[in-house]
Amino acid sequence: LTCNESKGKMKGLHSMLGCNLKALALFRITLSLLLLCELILRFQYLEAFYSDDGTLPLNLLLEKVDPLYKLICVHCLDGSVHYQGALLSIQVALALSLLVGYRTRTSVFLSW
């Protein structure tokens with residue numbers, strides 16, 4: 001292959017697999033709206049599924065999970081409703097920053 005032939009093939013590959021900034025922005029906005037809807041639904045069941053007063057208290061959960069999960073999962077640090085509500089509020093703030101496009105890469109990483 002000559003240099004011109006490889007550039008032509010890469011251009012064709014880019015046109016077939018590439019996307020433009022409008023499509024990426026639409027994907028980012030759609031993803032953030034889905035995340036916001038999911039988080040709003042989770043607020044309804046905050047006490048039932050996330051707190052020590054719910055279906056699985058933290059002391060029973062920690063007996064069944066491995067030590068690595070305990071280190072990684074920030075929800076396992078405290079089982080109070082206020083702590084879990086604060087974590088969900090932080091996730092909502094990250095989803096809103098993703099919606100408006102503020103520090104998109106950081107928002108995506110921390111939302112994940």
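Model, not experiment: these values are computed from the prediction.
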Which atom of [X] lies closest to which atom of [Y], heavy atoms considered:
X     : Y      : value
Tyr45 : Tyr50  : O-CD1, 4.0 Å
Gly54 : Pro57  : O-CD, 4.3 Å
Ser32 : Ala95  : CB-O, 3.5 Å
His75 : Leu58  : O-CD1, 4.3 Å
Arg28 : Thr104 : CD-CG2, 3.6 Å

Open item on the list: Less than 3.5 Å apart, any donor N or O on the side chain of Ser51 or Asp53 sitting next to an acceptor on the other?
Closed with: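 No - no donor-acceptor pair under 3.5 Å links their side chains.
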
With the 4.5 Å side-chain cut-off for hydrophobic clustering, are [X] and [Y] part of the same group?
X      : Y     : value
Leu110 : Ile29 : no
Leu77  : Leu62 : no
Ile40  : Leu34 : no
Leu98  : Leu87 : no

State the [atom1]-[atom2] distance between [X] and [Y], to the nearest 0.5 angstrom.
X     : Y      : atom1 : atom2 : answer
Leu60 : Asp52  : CG    : CG    : 9.0 Å
Leu35 : Thr30  : CG    : OG1   : 12.5 Å
Leu41 : Leu36  : CG    : CG    : 11.0 Å
Gln84 : Glu47  : CD    : CD    : 11.5 Å
Leu94 : Phe109 : CG    : CZ    : 11.5 Å
Leu24 : Leu31  : CG    : CG    : 12.0 Å

Just so I know, are the side chains of [X] and [Y] near enough to count as touching, which here means a heavy-atom distance under 4.5 Å?
X      : Y      : value
Tyr102 : Leu96  : no
Leu61  : Cys76  : yes
Ile72  : Leu68  : yes
Tyr83  : Val74  : yes
Ser111 : Val108 : no

Open item on the list: Please determine whether side chain to side chain contact (heavy atoms under 4.5 Å, CB included) holds for the pair Phe43 and Val92, giving the CA-CA distance in whole Å, both sets of side-chain angles, and the decisive distance to 0.1 Å.
Closed with: CA-CA 10 Å; Phe43 267 110; Val92 166; 3.8 Å; yes

